[in-house]
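Note that the structure is a prediction, hence the values are computed from the model and not measured.
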Amino acid sequence: MNRSERLNQELIFLSYRQEFHIKELMQEFNISKRTALRDVNSLEQLGLSIYVEPGRYGGYQIMQQQLWVPILLNSQEINALFFALKALSLLSATPL
């Protein structure tokens, strides 16, 4: 599994949790501690809000569960997307 696939799987794994430990990521994805720490850093850069609980029994807590960024489109952009999708559906129906 390459890095981008692993990060995607980690996002799915963490979407069902509010807190986690590095050991859980290490065991679930069979990765080293250093790789797990790099992955957590990458997930933060992708927009996942993580709060670190320091200490021996500390861990990571996910601050917000919304992983997707809302996309705001104006009416011209919506119309352009609609007609582009319609054109693609018509194009796929042609025998060429």
Examine Phe83 and Leu73 and state if one hydrophobic cluster contains both, with Ile, Leu, Val, Met, Phe, Trp and Tyr joined whenever side-chain heavy atoms are less than 4.5 Å apart. no
Quick check: closest heavy atoms across Glu10 and Ile31, and the distance to 0.1 Å? OE2-CD1, 3.8 Å
Taking side-chain hydrogen bond (donor to acceptor under 3.5 Å, both in side chains) as the cut-off, I'd like each qualifying pair that reaches into residues 37-46, sequence neighbours left out, listed once. Arg3-Ser42, Arg6-Asp39, Thr35-Arg38
Would you sort out whether Ile62 and Glu19 count as a side chain to side chain contact (heavy atoms under 4.5 Å, CB included), showing the intermediate values? CA-CA 6 Å; Ile62 299 174; Glu19 59 183 37; over 6 Å; no
Any link between Val52 and Leu43 through a network of hydrophobic side chains (Ile, Leu, Val, Met, Phe, Trp, Tyr) touching at under 4.5 Å? yes
Just how far is it from atom CD1 of Ile78 to atom CZ of Phe82, taken to the nearest 0.5 Å? 11.5 Å
What pairs with Glu24 under salt bridge (Lys or Arg N to Asp or Glu O under 4.0 Å), at least two apart in sequence or on another chain? Arg17
Looking only at heavy atoms, which two atoms of Met26 and Ser32 are closest? And how far apart? CG-O, 3.9 Å
Give a yes or no on whether Asn30 atom CG has more than 12 heavy-atom contacts from other residues, nucleotides or ligands under 6.0 Å away. no
List for me each residue that meets side-chain contact (heavy atoms from CB on, under 4.5 Å) alongside Glu53, sequence neighbours excluded, and say none if there are none. Tyr51, Gln61
Between Phe13 and Phe29, is the gap from one ring center to the other below 6.0 Å? yes
Flag the pair Phe20 / Val40 as yes when at least one side-chain heavy-atom distance between them is below 4.5 Å, and no otherwise. yes
OH of Tyr60 to CD1 of Ile22, rounded to nearest 0.5 Å, is 4.0 Å
Look at atom CD of Gln76 and say whether more than 12 heavy atoms of other residues, nucleotides or ligands are closer to it than 6.0 Å. no
For the atom pair CD (Glu28) and CG (Leu14), what is the distance rounded to the nearest 0.5 Å? 9.5 Å
